Colleague: 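Sending over a structure as structure tokens; questions will come in a sec.
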Amino acid sequence: MAEDNTNFFGKVYAVVKQVPYGRVTSYGAIAAFLGAKRSARMVGWAMNASHVDNNVPAHRVVNRVGLLSGKHHFEGTNLMQQLLESEGIEVEDYKIVDFAKYFWDPAKELDF
DNA sequence: TCAGTGACTGACC
DNA sequence: GGGTCAGCCACTG
């Protein structure tokens with residue numbers, strides 16, 4: 001399941017859970033960190049499957065430009081944005097403002 | 001087994 | 001600056 005870091009999904013969950021409060025990362029960054037940069041879609045798919053696991057802050061994972069591409073997968077139409085704003089992240093029109101400022105790179109900040 | 005699909009990304013035009 | 005295409009891989013019917 002989510003805690004099993006032996007498979008790709010498990011690794012994705014493990015990384016996403018390490019994202020600090022008030023920070024965000026991208027699908028590509030996670031994929032690259034896991035050694036599968038070309039498999040960013042799998043990260044997104046993992047998020048799709050992670051909605052059953054509340055411990056996975058999927059709202060902190062956005063695409064490479066900071067756009068909340070997965071907002072429609074959250075219950076409300078703006079739940080994802082509200083969650084980010086509640087963490088002090090500026091979000092405008094479903095897009096993170098100063099994305100680079102809040103960006104958290106697992107390859108640099110994390111060390112598996 | 002095969003084909004379609006997707007919460008992505010980079011390259012090209 | 002924005003639209004399109006191909007590559008990537010797991011899941012579903």
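Letters A, B, ... are given to chains in the order of the sequence lines, protein chains preceding strands, and every chain is numbered from 1. Only a predicted model underlies this, so the values are computations on that prediction, with no experimental measurement involved.
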Colleague: Out of B:dT9, B:dA7, C:dA10, which has the shortest distance to the side chain of A:Met42?
Modeller: C:dA10
Colleague: Please state how far atom CG in A:Asn63 lies from atom C1' in B:dG6, giving the value in whole angstrom units.
Modeller: 14 Å
Colleague: Any sub-3.5 Å donor-acceptor pair from A:Asn78's side-chain atoms to A:Gln81's backbone N or O?
Modeller: no
Colleague: State the pairing partner of B:dA7; accept Watson-Crick or G-U wobble contacts with both distances under 3.5 Å, and report none otherwise.
Modeller: none
Colleague: Could you work out which one of B:dA7, C:dC11, B:dT9 sits closest to the side chain of A:Asn48?
Modeller: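 Comparing B:dA7, C:dC11, B:dT9 against the side chain of A:Asn48, the answer is B:dA7.
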Colleague: Check the distance between C:dC9's C1' and A:Ile30's CD1 and give it to me in whole angstrom.
Modeller: 16 Å
Colleague: Within this structure, what is the OH-to-P distance between A:Tyr27 and B:dG10, rounded to whole angstrom?
Modeller: 14 Å
Colleague: Would you indicate which nucleotide in C:dA10, B:dA7, B:dT9 comes nearest to any side-chain atom of A:Ala58?
Modeller: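 Selected nucleotide: B:dA7.
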Colleague: Do A:Arg60 and A:Glu87 meet the salt-bridge criterion of a basic N to acidic O distance under 4.0 Å?
Modeller: yes
Colleague: Is there a donor in the side chain of A:Gln82 and an acceptor in the side chain of A:His59, or the other way round, less than 3.5 Å apart?
Modeller: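 Checked: A:Gln82/A:His59 side chains show no N/O donor-acceptor pair below 3.5 Å.
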Colleague: Which of the following nucleotides, B:dA7, B:dT9, C:dA10, is nearest to the side chain of A:Met80?
Modeller: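 Per side-chain heavy atoms of A:Met80, the pick is B:dA7.
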Colleague: Can you check whether A:Arg64 has a side-chain N or O nearer than 4.0 Å to OP1 or OP2 of B:dG10?
Modeller: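 For A:Arg64, the contact criterion (side-chain N or O under 4.0 Å from OP1 or OP2 of B:dG10) is met.
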Colleague: Quick check: does any side chain N or O of A:Thr25 sit under 3.5 Å from a backbone N or O of A:Trp104, one acting as donor and the other as acceptor?
Modeller: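 Yes, the answer is positive, given that a donor and an acceptor are paired below the 3.5 Å cut-off.
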Colleague: For the residue pair A:Tyr94 and A:Ser69, establish whether any side-chain heavy-atom pair is separated by less than 4.5 Å.
Modeller: no
Colleague: Just how far, in rounded Å, is C1' of B:dA7 from NZ of A:Lys71?
Modeller: 12 Å
Colleague: Let me know the distance between CG of A:Leu67 and P of B:dA7, rounded to the nearest Å.
Modeller: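 It is 13 Å, rounded to the nearest whole Å.
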Colleague: Does B:dT1 pair with anything, Watson-Crick or G-U wobble, both distances under 3.5 Å, and if so, with which nucleotide?
Modeller: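 Base-paired to nothing in any strand shown.
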Colleague: Rounded to whole Å, please give me the gap between NZ in A:Lys37 and C1' in C:dG7.
Modeller: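 From A:Lys37 NZ to C:dG7 C1': 13 Å.
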Colleague: In whole Å, what is the span from the NE2 atom of A:His51 to the C1' atom of C:dC11?
Modeller: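 It works out to 13 Å between those atoms.
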Colleague: Let me know the distance between CZ of A:Arg38 and P of C:dA10, rounded to the nearest Å.
Modeller: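 That distance rounds to 16 Å.
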